[in-house]
K.L.:
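Let me give you the structure first, and then I'll get to my questions.
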Amino acid sequence: MFLIAGIVLVLVLVLIFILFLFMLCRIGRKKTILIAMLLLGTIGLGTAFAPEYYTFISLRFAVAAAATGLYMCCFVIGTVCDTHGQCFCY
């Protein structure tokens, strides 16, 4: 049971990673980071007011997905920009 839940978690996080990668290429880095931060903040706030356990678990799962997207966006910005703030790609 726990093995299947772990596999599903990793697969969904990989799919979210790919989704944010396409958003990053399509609409830009700054807008994608803002979307990821907005998702993370609103879902995180919703997690605090979850009325039951299953809602809490599903919202925590969504927080992990949004945090994965935010991490990926920040990682891309960190790898394509140098210390002087100039980016290598547009």
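Quick note: numbers below take in every heavy atom, side chains included, and nothing from hydrogens, waters or symmetry partners.
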K.L.:
Any link between Met72 and Ile18 through a network of hydrophobic side chains (Ile, Leu, Val, Met, Phe, Trp, Tyr) touching at under 4.5 Å?
P.N.:
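Hydrophobic grouping puts Met72 apart from Ile18.
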K.L.:
With the 4.5 Å side-chain cut-off for hydrophobic clustering, are Met37 and Leu24 part of the same group?
P.N.:
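Same cluster.
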K.L.:
Rounded at 0.5 Å granularity, tell me how far OG1 in Thr68 sits from CG in Leu15.
P.N.:
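Going from the OG1 atom of Thr68 to the CG atom of Leu15 covers 11.5 Å.
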K.L.:
To the nearest 0.5 angstrom, please state how far the CD1 atom of Ile33 sits from the CE atom of Met23.
P.N.:
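Interatomic distance, Ile33 CD1 to Met23 CE, rounded to 0.5 Å: 11.0 Å.
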K.L.:
Under a 3.5 Å distance rule, please check whether Thr55 uses its side chain to pair with a backbone N or O of Ala50 as donor and acceptor.
P.N.:
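Between the backbone of Ala50 and the side chain of Thr55 there is no qualifying donor-acceptor contact (under 3.5 Å).
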K.L.:
Rounded to the nearest 0.5 Å, what separation is found between the CZ atom of Phe22 and the SG atom of Cys25?
P.N.:
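Atom-to-atom, Phe22:CZ and Cys25:SG are 8.0 Å apart.
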K.L.:
Working to the nearest 0.5 angstrom, can you tell me the gap between Phe61 CZ and Leu13 CG?
P.N.:
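Result: 5.5 Å between the selected atoms.
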K.L.:
Which atom pair, heavy atoms only, marks the closest approach of Leu40 to Ala67?
P.N.:
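Shortest heavy-atom contact: CD1-N, 3.9 Å.
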K.L.:
Say whether Phe17 and Ile43 are linked into one hydrophobic cluster, either directly or through other cluster members, by side-chain heavy-atom distances under 4.5 angstrom.
P.N.:
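Looking at the clustering, Ile43 is in the same group as Phe17.
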K.L.:
Are Val63 and Phe56 connected, step by step, through hydrophobic side chains (Ile, Leu, Val, Met, Phe, Trp, Tyr) whose heavy atoms are closer than 4.5 Å?
P.N.:
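Different hydrophobic clusters.
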K.L.:
When hydrophobic residues are tied together by side-chain contacts of less than 4.5 Å, even through go-betweens, does Leu70 share a cluster with Ile27?
P.N.:
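Leu70 clusters together with Ile27.
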K.L.:
Please report the interatomic distance CG(Leu19) to CD1(Ile16), rounded to the nearest 0.5 Å.
P.N.:
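Answer for the CG-CD1 pair, Leu19 versus Ile16, is 5.5 Å.
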K.L.:
Enter the distance from Lys31:NZ to Cys73:SG here, rounded to the nearest 0.5 Å.
P.N.:
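With rounding to 0.5 Å, NZ (Lys31) is 14.0 Å from SG (Cys73).
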K.L.:
Please give me the minimum heavy-atom distance between Ala36 and Gly69, naming the atom from each residue.
P.N.:
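Heavy atoms only, the tightest pair is CB-C, 4.4 Å.
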